[in-house]
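Structure first, then comments.
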Number of protein chains: 2
Amino acid sequence: MAQRDTGTEQLIKDTAKRIFFSVGKLHATTQDIADAAGVNRTLVNYYFRSRDILFEQVAEEARAEMSEQLESVFSAKIEFKEKVQRLITVFMDQAIKFPYREMYVVTAFKRTDKTVPDEKKNRIKKFLAEIKEEMELGRIKKMDPRQFLMNLFSLMAYPLITTCINKSLYNINDKEYLKLMQERKQLIFDMIYQ
Amino acid sequence: MAQRDTGTEQLIKDTAKRIFFSVGKLHATTQDIADAAGVNRTLVNYYFRSRDILFEQVAEEARAEMSEQLESVFSAKIEFKEKVQRLITVFMDQAIKFPYREMYVVTAFKRTDKTVPDEKKNRIKKFLAEIKEEMELGRIKKMDPRQFLMNLFSLMAYPLITTCINKSLYNINDKEYLKLMQERKQLIFDMIYQ
DNA sequence: TTGTAGTTTAACAAAAATGTTAAACATAAT
DNA sequence: ATTATGTTTAACATTTTTGTTAAACTACAA
């Protein structure tokens with residue numbers, strides 16, 4: 001049987017990803033996505049059967065991609081300090097590309113009463129232990145390791161979620177904002193690690 | 001003419017506020033809100049004419065309330081350090097009550113191409129100058145004052161936006177999470193101010 | 001060339017959400 | 001008690017979004 005693969009299925013997924021996670025239209029319709037992809041809306045149903053299935057697949061793929069990237073950092077046999085450095089680079093680059101991904105996850109969370117996957121729970125649990133160890137060695141300020149993690153992710157994620165507001169607030173364009181975000185990588189490290 | 005005022009109009013607004021900003025159902029329908037308020041959906045149209053007008057009013061009232069609270073902090077004739085302290089208290093208490101308010105603003109921003117009100121722009125401009133001054137006095141670490149502001153608001157807002165994920169991630173209940181958030185007030189001050 | 005199977009489209013159907021109307025209801029003033 | 005007026009409700013209409021179907025289209029192979 002001829003597998004023709006016109007790339008349409010992937011195009012729809014990529015477009016949905018862009019609309020949700022980059023553009024931030026959290027309640028885009030199938031028509032919105034089809035228009036943005038330049039295809040007939042019916043193709044969404046042809047390839048994915050329903051809107052919900054498309055959304056589910058897009059979210060799952062994004063989660064997997066992120067998970068893979070973080071895993072490579074967390075499992076690396078390197079010093080904690082170096083790990084934090086790499087984590088900031090990896091996460092910030094992702095957050096620059098997909099600033100609204102976490103927001104999408106939160107809203108999806110509320111609709112479907114999802115739970116955090118064990119994979120993530122375990123990864124975080126191990127990292128919390130490393131944080132605690134680093135604190136006991138006096139290398140970072142002592143506090144609840146969960147607060148440390150929240151600080152780190154807050155500093156990385158929030159300025160990107162609020163990009164549109166900040167650009168308007170500070171009267172700056174995309175290029176300048178991107179520069180600010182790149183500068184943040186070092187700045188966050190300095191704030192966290194001292 | 002008899003102004004009867006059964007409180008229904010306010011009830012609908014308060015309920016919408018709760019659903020959007022506290023519960024975080026960013027795309028709740030008029031039916032959702034009517035159900036939560038325990039009133040007939042038609043009353044939404046009776047009091048507000050349209051769904052959009054209700055949403056607009058709710059957002060505007062929330063903005064005004066926040067603006068008022070922040071203004072009282074920013075315009076106070078007190079030392080910068082004290083100002084930061086108060087800002088954290090005021091903002092965190094609001095964020096605990098309405099964790100999704102900022103997220104709602106962001107998504108509304110994208111739909112309507114709004115702009116940050118001049119009132120807010122001016123307030124921030126003045127505060128940025130104060131931050132710069134404090135840095136020049138060597139009282140806080142030197143950096144782009146905008147980064148300082150982003151740090152501050154990130155640390156306050158993000159953990160509340162991601163409440164549902166964090167509760168699942170750390171296996172904790174509302175009470176424990178609230179405690180973490182209360183502890184953050186001092187912790188954020190210590191991180192920012194040194 | 002013709003048949004096959006995947007792909008695309010338009011027309012239609014169904015469901016969900018919003019908006020309108022008229023009548024029922026309730027309360028305060030006359 | 002009656003009237004007037006604001007409030008609430010149910011039934012209906014409209015719009016928006018989603019899902020289905022059958023036919024048209026296209027590339028490839030026999």
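Given the structure is predicted, the values throughout are model-derived calculations rather than measurements. Hydrogens, waters and symmetry mates play no part in the numbers below; they use all other heavy atoms, side chains included.
Not a single donor-acceptor pair under 3.5 Å links the side chain of B/Lys25 to the backbone N or O of B/Phe20. Within the 3.5 Å criterion, the main-chain N or O of A/Arg63 finds no donor-acceptor partner in the side chain of A/Ser67.
Contacts with DNA chain D (heavy atom under 4.0 Å) in residues 30-44 of chain B: B/Asn40, B/Thr42, B/Leu43, listed by number. For DNA chain D, none of the residues of residues 10-25 of chain B falls under the heavy-atom distance limit of 4.0 Å.
The separation between B/Leu54 atom CG and C/dG19 atom C1' is 14 Å, rounded to whole Å. As rounded to whole Å, 12 Å separates atom C1' of D/dT7 from atom CD of B/Glu9. The distance between atom CZ of A/Phe48 and atom P of D/dT20, rounded to the nearest whole Å, is 15 Å. Between A/His27 atom NE2 and D/dT16 atom C1' the separation is 14 Å, expressed in whole Å. As a whole-Å value, the separation of A/Arg51 CZ from C/dA14 P is 21 Å. Atom OH in A/Tyr46 sits roughly 17 Å away from atom P in C/dA10 (whole-Å rounding). One can place CG of B/Asp52 at 15 Å from P of C/dA17, the figure rounded to the nearest angstrom. Distance CZ (B/Phe55) to P (C/dA17): 12 Å, rounded to an integer number of Å.
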A/Asp35 vs A/Arg41, test: salt bridge (charged side-chain N to carboxylate O under 4.0 Å, His left out). Steps then yes/no. CA-CA 8 Å; A/Asp35 288 349; A/Arg41 182 183 60 81; over 6 Å; no

Decide yes or no on ring-ring contact (aromatic ring centres under 6.0 Å, His included) for B/Phe127 and B/Phe80, but give the supporting numbers first. CA-CA 9 Å; B/Phe127 195 57; B/Phe80 180 82; 5.5 Å; yes

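Nearest nucleotide to the B/Ser50 side chain, out of C/dG19, C/dT8, D/dG19: C/dG19.
Distance check: B/Leu160 CG to B/Glu102 CD gives 11.5 Å after rounding to the nearest 0.5 Å. Distance CE/B/Met92 to CD/B/Gln182: 7.0 Å, rounded to 0.5 Å.
Taking 4.0 angstrom as the limit, A/Thr6 places a side-chain polar atom (N or O) nearer than this to OP1 or OP2 of C/dT8. Applying the 4.0 Å criterion to OP1 and OP2 of D/dT7, one finds that B/Thr8 has every side-chain N and O outside that range.
Between B/Lys81 and B/Tyr193 there is a side-chain heavy-atom pair separated by less than 4.5 Å. In this structure, the side chains of B/Tyr158 and A/Leu155 stay at 4.5 Å or more apart for every pair of heavy atoms.
Neither A/Val23 nor A/Tyr100 shares a network with the other; the hydrophobic side chains, linked directly or stepwise wherever heavy atoms of I, L, V, M, F, W or Y lie under 4.5 Å apart, form separate groups for each.
If you check every strand for non-hydrogen atoms under 4.0 Å, A/Tyr47 touches sugar and phosphate atoms only.
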